[in-house]
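Working notes for the structure below.
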Amino acid sequence: MAVPALTFARSLCRRRLRDARRVQALCIPAIHLHMTAATMQVSQQDFEKAQEQLKLLKKDPGNEVKLKLYALFKQATEGPCNSPKPGMLDFVKKAKWDAWNSLGNLSQDNAKQKYTELVSSLVSAESSSQVKDAAPEESRHDGYETIIVTTKNNITKIMFNRPERKNAISHKMYREIIKALEEAAKNDSTIAVITGNGEYYCSGNDLNNFTNAEAGETEKMAKNGAVLLKEFVAHFIDFPKPLIAVVNGPAIGISVTLLGLCDIVYASDTATFHTPFSQLGQSPEGCSSYLFPKIMGLAKANEMLLFNKKLTAAEACAQGLVTEVFPDRTFQKEVWARLKAYASLPKNSLAVSKQLLRGLEKEKLHAVNNQECEVLKERWLSDECLNAIVSFFQKKSKL
Ligand SMILES: CCCCC/C=C/CC(=O)SCCNC(=O)CCNC(=O)[C@H](O)C(C)(C)COP(=O)(O)OP(=O)(O)OC[C@H]1O[C@@H](n2cnc3c(N)ncnc32)[C@H](O)[C@@H]1OP(=O)(O)O
């Protein structure tokens with residue numbers, strides 16, 4: 001007994017074969033344009049050259065154009081159509097006859113010229129589309145200052161771009177990343193990638209975010225910070241397409257915790273992973289208090305999140321936070337070749353599969369995010385946190 005899906009696939013194949021034969025039946029030779037400006041007439045040589053060029057076209061120009069070419073070729077070589085009209089049921093012959101007959105008394109010279117022009121336009125359309133195919137353009141999205149957002153090969157790349165600050169995330173950058181994720185969720189790209197410009201991936205929260213508050217406004221600053229952080233992390237939780245981190249160098253703080261919300265993490269062997277929350281008088285965010293123990297087990301997560309243990313790329317890979325580590329020398333080349341291949345996979349299939357893998361956890365993750373932000377809001381007002389920040393700016397402490 002035939003399986004319905006197979007029967008459907010076979011009938012589709014048969015239909016495609018029939019269409020292809022029809023196209024073949026209509027196929028005829030063609031040209032390139034070499035008109036002498038004086039006469040605007042094509043020579044027999046140009047007409048023959050056009051026929052050769054038509055054979056070299058890689059793309060099927062479609063039945064309508066092929067019928068036109070057929071008609072012009074017949075008119076140019078035999079003159080007006082005077083053969084008997086084929087029967088109604090002989091579709092292909094009738095379509096060809098109709099096309100030829102529609103040229104009426106067009107002279108053979110004019111038919112040659114039109115044929116030559118048509119082939120010439122097909123040749124130039126194909127060569128310009130080949131240039132595009134050979135090097136798909138990278139389009140840069142407008143309206144960003146702290147990040148660079150580009151789309152190429154079905155990949156939207158969001159690049160932290162404050163290399164002189166080790167890509168620390170300022171308030172403006174949080175907002176721009178939110179906007180970029182919203183754009184990437186809706187645009188035609190298949191996957192999105194987060195990476196850093198320069199030697200660092202990202203040095204985490206910009207500590208200046210804490211120093212910009214007016215005197216007496218620290219509580220407001222903490223409250224607003226928690227609202228922004230919650231919205232920022234929520235965009236990672238809800239991002240509907242595969243999200244890949246390309247960790248090009250050291251990663252600190254929130255840039256590490258977010259890796260648990262990414263679907264794949266590729267790291268250079270120069271990358272390190274550091275979440276010095278207690279050292280800064282703070283507490284975990286980015287859903288790491290829930291996801292890190294799940295990913296690496298409670299014992300290893302404790303070393304990172306409670307005791308500030310910095311991991312090498314190899315260690316992070318062994319603990320499941322990183323998918324794969326590459327030598328820095330070949331990192332960019334290898335990773336982007338791989339991502340290009342991934343991004344050519346069927347987009348909707350990837351999106352629904354991600355939803356299956358992550359969907360059930362979303363509600364939990366939002367609850368964790370909420371709780372982490374509430375705790376952090378209090379932490380930011382603590383002496384422990386304020387002292388750590390003062391100490392950093394007095395150049396007394398660096399990580
Ligand atoms: C909405 C709010 C949400 C809040 C979410 C909370 C998240 C928690 C975290 O992310 S915790 C992590 C916070 N990050 C840090 O504590 C890192 C602090 N930076 C450093 O320790 C060092 O700068 C370094 C180890 C990253 C690099 O050291 P190195 O000696 O190689 O380079 P410099 O220190 O000279 O750095 C060059 C200049 O960049 C400034 N800078 C680097 N990182 C940050 C940062 N995170 N915040 C603010 N400024 C940063 C650094 O001060 C130098 O500036 P200068 O040239 O003016 O001295």
Side-chain angles (χ1 to χ4, degrees), residues 5 149 151 153-158 169 174-195 202 226-247 251 254-267 273 275 283-298 300-301 304-305 316-317 319-324 335 338-376:
V149 186
T151 298
N153 294 327
N154 301 325
I155 305 173
T156 293
K157 177 167 82 176
I158 300 171
I169 311 181
Y174 284 109
R175 291 196 194 93
E176 289 191 350
I177 294 169
I178 290 174
K179 182 177 156 208
L181 288 172
E182 284 173 0
E183 266 187 18
K186 285 191 226 123
N187 71 15
D188 281 343
S189 61
T190 304
I191 62 176
V193 172
I194 311 253
T195 192
C202 172
V227 170
L228 179 58
L229 178 62
K230 189 170 140 191
E231 189 190 351
F232 178 73
V233 174
H235 276 74
F236 283 79
I237 298 173
D238 290 331
F239 192 71
K241 301 175 181 179
L243 183 59
I244 288 125
V246 171
V247 186
I254 189 161
S255 71
V256 178
T257 57
L258 289 173
L259 299 177
L261 291 168
C262 293
D263 302 300
I264 283 185
V265 179
Y266 289 139
F273 300 83
T275 49
S283 51
E285 25 62 357
C287 296
S288 58
S289 60
Y290 173 70
L291 286 176
F292 277 26
K294 256 189 110 176
I295 292 170
M296 58 186 79
L298 190 58
K300 295 292 182 190
M304 279 192 87
L305 297 176
C317 191
Q319 290 175 19
L321 184 63
V322 164
T323 312
E324 193 171 334
V335 163
R338 200 177 291 189
L339 293 177
K340 190 175 163 192
Y342 289 172
S344 68
L345 291 167
K347 181 178 153 182
N348 296 334
S349 159
L350 288 173
V352 295
S353 302
K354 170 163 179 171
Q355 172 64 17
L356 283 171
L357 284 156
R358 294 267 185 183
L360 286 177
E361 286 271 81
K362 270 192 186 176
E363 208 178 314
K364 173 78 185 167
L365 292 173
H366 283 297
V368 172
N369 180 27
N370 194 31
Q371 196 184 14
E372 287 177 345
C373 292
E374 284 303 309
V375 174
L376 256 181

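- For the pair A245 and L259, the tightest heavy-atom approach, listed with the atom from each and the gap, is CB-CD2, 3.5 Å.
- Looking at every heavy atom in both residues, C287 comes nearest to I237 through SG-CD1, 3.9 Å.
- The CD1 atom of I191 sits 9.0 Å away from the CG atom of L345 when rounded to the nearest 0.5 Å.
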Evaluate the criterion side-chain contact (heavy atoms from CB on, under 4.5 Å) for residue pair V193 and V335; output intermediate values, then yes/no. CA-CA 11 Å; V193 172; V335 163; over 6 Å; no

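- The main-chain N or O of I264 is never found under 3.5 Å from a side-chain atom of T323 such that the two would form a donor-acceptor pair.
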Residue pair V149, E176: steps toward the side-chain contact (heavy atoms from CB on, under 4.5 Å) verdict: CA-CA 10 Å; V149 186; E176 289 191 350; over 6 Å; no

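- Counting only heavy atoms from C-beta outward, the side chains of K157 and V246 never approach each other to under 4.5 Å.
- Taking a 6.0 Å sphere around NZ of K230, one finds it holds 12 or fewer heavy atoms contributed by other residues, nucleotides or ligands.
- Checked by atom type and distance alone, the side chain of E285 never pairs as donor or acceptor with a backbone atom of E372 at under 3.5 Å.
- The neighbour count for K340 NZ, taken as heavy atoms of other residues, nucleotides or ligands under 6.0 Å away, does not exceed 12.
- Other residues, nucleotides and ligands place more than 12 heavy atoms under 6.0 Å from the NZ atom of K362.
- By the 30° and 60° cut-offs, the orientation of the rings of Y266 relative to Y342 is tilted.
- More than 12 heavy-atom neighbours from other residues, nucleotides or ligands sit within 6.0 angstrom of CD on E182.
- In terms of heavy atoms, T156 sits closest to A184 at CG2-CB, 3.8 Å.
- Expressed to the nearest 0.5 Å, how far CZ of R175 lies from CD1 of I178 amounts to 8.0 Å.
- S288 has its side chain out of reach of T275: every pair of non-hydrogen atoms, C-beta onward, lies at least 4.5 Å apart.
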So K241 and L350, side-chain contact (heavy atoms from CB on, under 4.5 Å) or not? Walk me through it. CA-CA 7 Å; K241 301 175 181 179; L350 288 173; over 6 Å; no

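- We find the CD1-CG distance between I169 and L229 to be 10.0 Å, quoted to the nearest 0.5 Å.
- In this structure, L291 and L365 have side chains that are in contact, with non-hydrogen atoms separated by less than 4.5 Å.
- Rounding to the nearest 0.5 Å gives a distance of 4.5 Å between CE of M296 and CG of L321.
- Between the side chain of N187 and the backbone N or O of S189, at least one donor-acceptor pair lies under 3.5 Å.
- Within the 3.5 Å criterion, the main-chain N or O of L243 finds a donor-acceptor partner in the side chain of D263.
- Interatomic distance, CD of E324 versus CZ of R338, reported as 4.0 Å (0.5 Å rounding).
- Residues I194 and F236 are in side-chain contact: their nearest non-hydrogen atoms beyond the backbone lie under 4.5 Å apart.
- Smallest separation of non-hydrogen atoms from F273 and M304: O-CE, 3.9 Å.
- Taking all atoms of both residues into account, the shortest heavy-atom contact from S289 to V368 is OG-CG1, 3.7 Å.
- Distance check: K354 NZ to F239 CZ gives 6.5 Å after rounding to the nearest 0.5 Å.
- Around the CG atom of L360, the shell of radius 6.0 Å holds no more than 12 heavy atoms that belong to other residues, nucleotides or ligands.
- For the pair F292 and A301, the tightest heavy-atom approach, listed with the atom from each and the gap, is C-CB, 3.8 Å.
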